[in-house]
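Everything below concerns the one structure shown next.
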Amino acid sequence: MTHSILQEEHRGAFDAHHPPEKTYINDCVHCGFCLPACPTYVLWGEEMDSPRGRIYMIKKAADGEAPLDERFRLHMDNCLGCMACMTACPSGVQYNKLIEPVRAQIERNVPRGMGERLFRRLIFATFPRPERLRVLALPLLAYQKSGVRWLLRISGITRLLPRRLRAMEALLPDVPDRFFERLPSSIQPKKTARRRVGMLSGCVQQVFFSHVNAATARVLAAEGCEVIIPSEQQCCGALMLHSGLEDHAAALAKKMIAVFEAADVDTVVINSAGCGSTMKEYGHLLRDDPKWAERASAFSAKCKDVAEFLCELEPQAERHPLHLRVAYHDACHLQHAQGVHDQPRRLLSQIPDLDIAEIPEATLCCGSAGIFNLLQPYTANQLGSRKVDNLLSTGAEAVASANPGCLLQLMHGLRRRGLKTMPAFHMVELLDASMRGIPREDLLHSDNHRLAPHV
Ligand code: SF4
Ligand code: SF4
C-alpha cells in the first residue's frame, strides 16, 4: 500500500492534500513535559492551548472523531509556532510537521470572517514585498520625523484605532534615513576569499533593518568571505508557510532556490531566524514536486544562520573591546526550530570586555512569533511584558537578538515601560561594532554606526 493511500485512509476530517501524518501524531505519549515550555499554556493553563492538547485535537480530527471547526481553528491559531515544545519533548515529537499542514488545512477548509481575511490580506500584500515597503517607508518616515506620531500618541488618538491597526502602529520600527539604499550585489574581502557565500536580504529586514544587513555583509567580508547578494531575490515565504498559505510559500521557495543556484555559492547565510528555519525546510515543503524536491533539499542543506556559519570559521578579523553588559535573547526560530543556541553566545564571547547576561525564562517566546503580535496583540503584549521583566532583572544596558521580529517586539515592550533608550541590537551588529572599533558611547547613544557606509 502506498504512502498516499495510507494518508487517504487516515485523514478523517482533513482533506487529501498533506493531512497531518499519523506517525508524527502517534509519537506523542501524552507525558506533558512540554506544558511548562508552551507560552499559551503558561499564560492560561488550558489543556487545549498546550502542545499535548493541540496534538490530541489533531488526532481526534485525523480519526474522524472531531470536525475542523471554529473551535479547532481557535486553538491552532493560538499556537505561536515557537517550537519550544519540540525542545522540551523527550519523545522527539516533530510538532512543526503537524502544525504546518494543519494550518494549511484550516486555511482551505475553515472559512474566516471578512475582517480577518482582509487584515491577513493586507499583511501578505505588504510585509513580503520590499518594493511596496519602500514606497510606504517615505510617508512613514515623514509620520515619525514630523512629530505627528508623537502628537497622536501623546494625545491618545492612536488608542482610538481598531485593536490590530493599533498594534501595527505601535510596532512600527523607526524608518532608517537610508531605507532606499541597497547593498551591492557582490562584496569582496580585503584578502583572498576563503568562502563564497550568498546572503539573504529579507523583506522587512532589507527596508527597516538595512543596517543589520550592512553589518552582516561587513562581518562576513571581514572574516574573509566573498559575499553575493543577488538583487533578484524575493521573500523566502516564511510568513506564508507559518500562516498556512502553502502554495504561495512553495512558489516563493522555488524562486529563492533558482536565484541562489544561479549565484553558485557554497553557503546561504541568513540573519533572520524565522527566514532561516523556513529555508532549511524547503526540502520538506517541496518533497512531492519531482522537479524541485532534490534541488530544494540541496538548497536547504546549504542554508546556515549567520552565527552558525561564523562559528565554523577560524576568526580572522581583530575584535576590539566593547565594555558593555548585554542580555542575549534567544529567538524561538533559532533556538527551538534550528537548534542554534550556543553559537551566538560563542561569537559574543569573542568580544573583549563584553559581559553577556542570561535572561531568565530564556526558552519562553517574547510574543513576536511572525505575525502573531499583529493578529493577537493582547496575548503578545502579555508575553512581551513578561520578557521585558526578565530582561530588566539582568541589569543589562542593552539587549541583543538574532531576529528582526524579536527586536521589534522587545523595542515595543521597552517603549511601553518608558525605556525607549535601552538599545536593542542584532547580535551581528555588536560583532561588527567590535571589529570596527566603534566606541561604546557611540554604539549606545547615537545612530552613527548604523549610518556608516555599507562596506
Ligand atoms: S509551538 Fe509554541 S505555542 Fe505552539 S504548542 Fe508548541 S510551545 Fe505551544
Ligand atoms: S509533545 Fe512530547 S512532551 Fe508533549 S506530551 Fe507529547 S510526548 Fe510529551
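What you see is a predicted model, and the numbers here were worked out from it, not measured in a lab. The analysis underlying the following values was restricted to heavy atoms, covering all of them including side chains, and did not include hydrogens, waters or symmetry mates. Whatever order the structure lists ligands and atoms in, that order sets their numbers, starting from 1.
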When you check the side-chain N and O atoms of Q205 and N271, is any donor under 3.5 Å from an acceptor?
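On atom types as modelled, these side chains qualify, holding a pair under 3.5 Å.
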Distance alone, cut at 3.5 Å: any donor-acceptor contact between the side chains of D305 and Q343?
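Note: D305 and Q343 side chains miss the donor-acceptor criterion.
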[atom]: the protein heavy-atom neighbour that sits closest, reported with distance to 0.1 Å:
atom                    : result
atom 7 (S) of ligand 2  : V29 N, 3.3 Å
atom 2 (Fe) of ligand 2 : C89 SG, 2.3 Å
atom 6 (Fe) of ligand 2 : C28 SG, 2.4 Å

Are [X] and [Y] within salt-bridge range, i.e. N to O under 4.0 Å?
X    : Y    : result
K22  : D27  : no
K304 : D266 : no
R295 : D289 : no
E116 : R73  : no
E358 : R345 : yes

Can you name the nearest heavy-atom pair linking M48 to R54, along with the distance?
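Heavy atoms of M48 and R54 come nearest at O-CG, 3.6 Å.
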With a 4.5 Å limit on heavy-atom distance, are the side chains of K302 and F260 in contact?
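Not in contact.
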Just wondering, do L152 and Y143 contact through their side chains at under 4.5 Å, heavy atoms?
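A side-chain contact exists here, since the closest heavy-atom pair is under 4.5 Å.
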With atoms numbered from 1 as shown, which atoms in ligand 2 lie under 4.0 angstrom from a non-hydrogen atom of [X]?
X   : value
G32 : 5 (S), 8 (Fe)
P90 : 3 (S)
C31 : 3 (S), 5 (S), 7 (S), 8 (Fe)
H30 : 5 (S), 6 (Fe)
S91 : 7 (S)

May I ask you to determine how many protein N/O/S atoms are under 2.8 Å from atom 6 (Fe) of ligand 1?
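N, O or S atoms of the protein closer than 2.8 Å: 1.
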